[in-house]
Protein chains: 2
Amino acid sequence: MEAHLPVFSDIEKAHQLIQPFVHRTPVLSSKSINRITGAELFFKCENFQKVGAFKYRGATNAVQSLCHADALKGVATHSSGNHAAALALAAKKRGIAAHVVMPENAPSVKIEAVKGYGANITFCEANLQAREKTLAKVIANTGATEIHPYNNFYVIAGQGTTAKELIEDTLHLNLILCPVGGGGLLSGTAISTKALLSSSKVIACEPAGADDAFRSFYGNEIVPSINPKTIADGLLTSLGQLNYQIIKKHVDAVVTVSETAIVAAMRMVWERMKIIIEPSSAVPLAAIIENKIDVKGQKVGIILSGGNVDLSKLPF
Amino acid sequence: MEAHLPVFSDIEKAHQLIQPFVHRTPVLSSKSINRITGAELFFKCENFQKVGAFKYRGATNAVQSLCHADALKGVATHSSGNHAAALALAAKKRGIAAHVVMPENAPSVKIEAVKGYGANITFCEANLQAREKTLAKVIANTGATEIHPYNNFYVIAGQGTTAKELIEDTLHLNLILCPVGGGGLLSGTAISTKALLSSSKVIACEPAGADDAFRSFYGNEIVPSINPKTIADGLLTSLGQLNYQIIKKHVDAVVTVSETAIVAAMRMVWERMKIIIEPSSAVPLAAIIENKIDVKGQKVGIILSGGNVDLSKLPF
C-alpha cells in the first residue's frame with residue numbers, strides 16, 4: 001500500500017496555518033559571491049527563523065494540525081537537535097505539553113534550550129534503540145502524538161513553505177539547491193518547486209561523508225546512513241520513507257561535496273554576507289564552489305537551513 | 001575662528017547624493033534580546049553596508065561632493081582600516097584615483113581588500129609621523145584631496161545618514177546609542193537625532209580601555225587616546241576637532257564598558273540574531289548589559305557600525 005504523501009495544496013494549507021507563528025524570512029543576495037560564482041544566487045535565510053532553523057515550520061504545522069482532543073494529550077519526539085527545540089516552542093505556542101526524549105550525553109546548551117521552551121525532558125542512553133524504547137514508554141504513559149522530525153506528513157508540508165516563499169519572492173529561478181539529511185526540507189522543497197516553477201530543477205546537496213541520500217537516490221532503495229562523518233551535523237540521519245518517495249519523484253539530482261568545500265562555503269557566507277549559518281546550510285554553496293553543479297549565468301535559489309552553531313567550536 | 005560644522009541640511013544633501021551608491025541597510029530586532037534587556041531595541045545594520053561598515057557612506061559623500069577639477073586629481077588618505085577600503089571603492093565608483101598610505105605591517109587581508117578596489121597603495125613605517133609625512137608627499141605629487149576618516153565635513157554629513165535612516169524606519173525612539181572612536185559616526189548621529197527626534201537622547205558608548213571620548217566630553221577639551229587597549233579595534237583613535245565640537249553640543253552622555261561586556265554583547269548578537277558584527281559594534285549593547293544605561297521599557301536605537309572581523313581570531 002502506498003503511503004499518503006503530501007501534495008502542494010497541503011503546503012498551501014500549512015502556510016495559512018503557520019503564518020501567524022513563523023517569520024517570513026528574507027531572501028538575501030551578495031554581489032561578491034555572485035561575482036565569484038558567475039551566477040545570481042538567492043539565499044532563503046531560515047537561519048533567521050524562530051529557533052534558528054526551518055524546523056520550526058514543520059513542527060508548528062504538525063502541532064497546529066492536531067485535533068483538539070489529541071492536542072490536549074500533547075506531542076512527543078526523540079531528538080537531540082533543532083527539532084526538539086522547534087517542537088517544544090510550537091507546543092508552547094498552542095499551550096500543550098511537549099515530551100522530548102534526549103540522550104543523556106546531549107550538549108547542555110541544547111538541553112537548556114528545550115527546557116527554556118517548557119518541554120518535559122526524559123533522558124535515556126545515547127543509542128537509537130534506547131531512544132525509541134523510551135519514547136514508546138512516554139507515549140504509552142501520556143497518549144501524546146509522536147511528531148517525527150521528517151518522516152511525517154505535516155512536517156513535510158510545513159517545510160515546503162520555505163521554498164514556496166523563496167519562489168514567491170524571487171523571479172524566474174532556474175535551479176533550487178537544498179541540503180539533505182532526513183529529507184524533510186528537501187521533500188517539501190521539491191513539491192513546492194515542481195508545483196510553482198515546473199521548469200526549475202531541484203538539486204539535493206549532501207556531504208560526501210554522509211552520502212546515504214546520494215546512494216539511495218541512485219540505487220533505488222533507502223540506504224541507511226551508517227557511521228556518517230561530517231561537520232554538517234544536521235545531515236547525519238537516514239532518509240525517511242515518505243521523504244524518499246517524494247524525492248525519487250520530484251528531485252532532479254543529488255550531488256555530494258567535500259568537508260573542505262563545506263567549511264570554505266560557510267566561511268564565504270560569514271565573511272561576505274555577514275550572517276551566521278550552520279555547516280549544513282553551507283552544503284549547497286559548497287557544491288557550487290566545488291563545481292558539482294553548473295550555475296554559470298543561472299538564477300539559483302539556495303535554502304540556508306539554519307544558523308545554530310556552537311561559537312566555541314568553529315572550524316576556522 | 002569657529003570651524004564650519006555640518007548641520008542637518010548637509011546630511012539631507014548627503015543622503016540624496018549617496019543614495020544611488022549605498023545600501024539602505026535594514027533595522028532588525030530580536031525578541032529574545034528584548035526579553036533579556038527589558039527594552040525594545042532596534043539595530044541599524046551597517047554590518048550589511050558595502051565594504052562591511054558605515055564608513056562607505058562618509059567616503060562616498062566626500063568623493064561625490066568633489067568638484068570636477070579636484071576629482072580628476074583623485075583622493076588620498078592614510079588608514080589601515082575600513083576607511084581605506086571605503087575610500088578606495090568610493091573613488092572607483094566615481095572613476096577617479098585613490099591614494100592610500102598604509103603601514104607596512106598592515107594585515108595582508110586589509111591590503112588585499114584595498115588593492116582589490118583598485119587603489120594605489122604607498123607603504124610607510126608603522127607610526128603616525130611616518131604616515132602623515134608619506135601622505136603629505138603623495139598629496140604634493142598628485143594634487144589629490146585628502147579625505148580624513150572622521151575629521152571632515154563631508155564624511156560627518158555622510159555618516160549622519162545612518163541615524164537618519166534609522167529614525168525614518170523606526171517609530172518613537174527614546175534613546176539612540178552609538179559607539180565612539182574618532183567621532184565621525186557619533187557626530188553625524190547626534191546631528192540627525194537632534195534634528196529629527198529632539199526628544200531622544202544620544203548616548204555615546206566607548207570601551208573603558210580607550211576612554212578618550214569619555215574624558216574629553218566631561219573634561220572640556222580633547223584628551224588624546226594614548227595606548228588604548230580594547231578588542232574594539234575600530235575605536236582606538238582620538239576625537240577629531242570638528243567631531244568634538246558637535247559631540248559637546250549634541251550628545252547627552254558618554255558611558256564606558258568593560259572588555260568582558262563587549263565580548264558578551266558580541267556573542268549575544270551572533271547567537272541570537274545570527275548576524276556577524278565586529279567588536280566595535282557590540283559596545284552599545286555591552287553598555288546595556290553592564291547596566292550603564294537604564295533602558296527598561298524604552299525604545300532604543302542601536303547603531304551596529306560594521307561586520308569586519310578576522311574569523312581566525314575570534315574571542316569566543
Side-chain angles (χ1 to χ4, degrees), chain A residues 21-33 35-36 43-54 56 82 85 89 92-93 109-110 112-113 116-117 263-278 281-282 304-316, chain B residues 21-23 25-33 35-36 43-54 56 82 85 89 92-93 109-110 112-113 116-117 263-279 281-282 304-316:
Chain A
F21 305 99
V22 306
H23 290 311
R24 188 172 184 113
T25 54
V27 177
L28 301 183
S29 57
S30 158
K31 280 197 186 164
S32 74
I33 299 183
R35 208 179 310 119
I36 292 166
F43 294 92
K44 174 66 172 168
C45 291
E46 287 297 293
N47 54 329
F48 294 147
Q49 189 51 264
K50 288 187 190 174
V51 192
F54 73 93
Y56 187 58
N82 290 331
L89 181 59
K92 186 183 173 186
K93 291 284 176 188
V109 53
K110 299 221 162 159
E112 289 312 312
Y117 293 126
V263 174
M266 180 172 161
R267 185 166 196 148
M268 189 183 284
V269 168
W270 285 42
E271 286 185 339
R272 309 266 172 169
M273 298 179 67
K274 312 295 181 193
I275 62 173
I276 291 183
I277 60 167
E278 57 194 42
S281 295
L304 298 176
S305 47
N308 293 326
V309 285
D310 183 344
L311 292 181
S312 32
K313 289 180 190 159
L314 294 178
F316 309 128
Chain B
F21 305 99
V22 306
H23 291 312
T25 54
V27 177
L28 300 183
S29 58
S30 157
K31 280 197 184 163
S32 75
I33 299 182
R35 208 179 309 119
I36 293 166
F43 295 92
K44 174 67 172 169
C45 292
E46 287 297 294
N47 53 330
F48 294 147
Q49 190 52 265
K50 287 185 190 176
V51 191
F54 73 93
Y56 187 58
N82 289 332
L89 181 60
K92 186 184 172 186
K93 290 283 177 188
V109 54
K110 298 222 163 158
E112 288 312 312
Y117 293 127
V263 174
M266 181 171 159
R267 185 167 194 147
M268 189 182 285
V269 169
W270 284 43
E271 286 185 340
R272 309 266 171 170
M273 298 179 68
K274 312 295 181 190
I275 63 174
I276 291 182
I277 61 167
E278 58 193 43
S281 295
L304 297 177
S305 47
N308 293 327
V309 286
D310 183 344
L311 292 181
S312 31
K313 288 179 190 159
L314 294 178
F316 309 127

Considering residues, nucleotides and ligands other than A:Arg267, do more than 12 of their heavy atoms fall under 6.0 Å from its CZ? yes
Assess whether atom NZ of A:Lys110 is packed by more than 12 heavy atoms of other residues, nucleotides or ligands within 6.0 Å. yes
What part of A:Leu314 gets closer than 4.5 Å to chain B, counting heavy atoms only: side chain, backbone, both or neither? side chain
Do B:Lys274 and A:Ile277 make a side-chain contact, defined as non-hydrogen atoms from C-beta onward lying under 4.5 Å apart? no
Residues A:Phe316 and B:Leu311: closest non-hydrogen pair is CB-O, 3.7 Å
Under 4.5 Å from any heavy atom of chain A - which part of B:Lys50: side chain
For A:Ala265, enumerate each residue passing the side chain to side chain contact (heavy atoms under 4.5 Å, CB included) test, keeping only those at least two apart in sequence or located in another chain. A:Ala282, A:Leu285, A:Ala286, A:Ile289
Hey, what do you get for CG (A:Asp310) to CD (B:Glu271), rounding to the nearest 0.5 Å? 8.0 Å
Which pair of non-hydrogen atoms, one from A:Ile275 and one from B:Ile276, has the smallest distance, and what is that distance? O-CD1, 4.0 Å
